[in-house]
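To start, the structure itself, in structure tokens.
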Amino acid sequence: MNDERQLSQELQEAFEKEQFVLFFQPQIDLMSGRIAGAEALLRWHRQRTGLMTPERFLASAEESGLIGPLNEWVLRQACKEARGWKEAGFGNLTVSVNLSPLQLREVCMPDMVADALAKSGLTGTDLELELTESILLQSWDRGSADLHRLTDMGVTLSVDGVGSNLDSIYDVRRPPVSRLKIDQSIIRNITQDLHDAALVRSIILRGHSLGLRVIGKGVETLHQLAMLRAERCDGIQGFYFGRPMRGQDFLARIREERGASPLNGQV
């Protein structure tokens, strides 16, 4: 059995044995300096190698046909975890889930979302779905109606990995999104590369001119944070504030935060 076939078989067994877990990375509102929500990130607790990130197994999941059930599991589990935040008394947090091209093209996404929300006890305003620029460019014709149905349910839509294609997306499609998330590859160099700094500035200005909130992802240093704040970026996500963590650790982080805002007075 070749390595790829063995990996596909292991993935199927892992799904049946519930070896997949969700981690959550805090998302910070820069105006208040507080946690506004978290992005749900999939991990596979592979017995032989430990935790694996999706980049290492999603291609095999797609080829084996597991990607659909796996995407649905992520959505439902993320909603279930967010319900726990509400029950703990933190009802103003949003959980973000990445939307795959498959979900937009081949399933009735609004029905799946409505069912996940109903079974978890959440409302649409508790959920954010993240789309990439490539999804909007490639799947717009077939998926635009579903995106509008999702926003009618109160779900927040955001464009993840925003870079130089922003104008082409909006000039042609005008998707019903309310947030832009700047790609971390751009954020990484904003304090050393004038081009990337200018690109971040233009994305923030363009986003605000469209009435959208702009989030900087991949923030790892105080200098990156200071620059984004100076440019009036609305929020951040990245290792500077918190690495992805298990759900119980994220909940503990929220409880800890209620004493004082970690960002206040640091910049």
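Between the CE atom of Met153 and the OG1 atom of Thr125 there is a distance of 11.0 Å, given to the nearest 0.5 Å.
Taking both residues in full, the closest heavy atoms of Leu7 and Ser60 are given as CD2-OG, 3.2 Å, listed atom of the first, atom of the second, then distance.
For the residue pair Thr132/Asp160, the side-chain donor-acceptor check at 3.5 Å is not satisfied. For the residue pair Asp234/His208, the side-chain donor-acceptor check at 3.5 Å is satisfied.
Using modelled atom types, one side-chain atom of Ser32 and one backbone atom of Arg34 make a donor-acceptor pair closer than 3.5 Å. Although no hydrogens or angles enter the test, the distance criterion places no donor-acceptor pair under 3.5 Å between the side chain of Gln25 and the main chain of Ala40.
For the side chain to side chain contact (heavy atoms under 4.5 Å, CB included) test, residues two or more places apart in sequence or in another chain that qualify with Thr156 are Glu128, Ser178, Arg179. In this structure, the side chain to side chain contact (heavy atoms under 4.5 Å, CB included) partners of Ala88, at least two apart in sequence or on a different chain, are Phe90, Leu251, Arg255. Under the rule for a salt bridge (charged side-chain N to carboxylate O under 4.0 Å, His left out), the partners of Arg76 that lie at least two apart in sequence or sit in another chain are Glu72, Asp115. In this structure, the side chain to side chain contact (heavy atoms under 4.5 Å, CB included) partners of Glu62, at least two apart in sequence or on a different chain, are Ile67. Residues passing the ring pair (Phe, Tyr, Trp, His ring centres under 6.0 Å) test with Phe23, sequence neighbours excluded: none.
For residues 87-104, the set of pairs meeting the salt bridge (charged side-chain N to carboxylate O under 4.0 Å, His left out) definition, not counting sequence neighbours, comprises Arg83-Glu87.
Between Glu130 and Lys217 there is a salt bridge, with a side-chain nitrogen of the basic residue lying less than 4.0 Å from a carboxylate oxygen of the acidic one. Using a 4.0 Å cut-off between charged nitrogen and carboxylate oxygen, Asp193 and Arg188 do not count as a salt-bridge pair.
The six-membered or imidazole ring of Trp85 lies near that of Phe250, with a centre-to-centre distance under 6.0 Å.
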query = When you look at Asp29 and Arg213, which way does the salt bridge (Lys or Arg N to Asp or Glu O under 4.0 Å) test go after all the steps?
reply = CA-CA 10 Å; Asp29 176 77; Arg213 289 177 57 81; 2.9 Å; yes
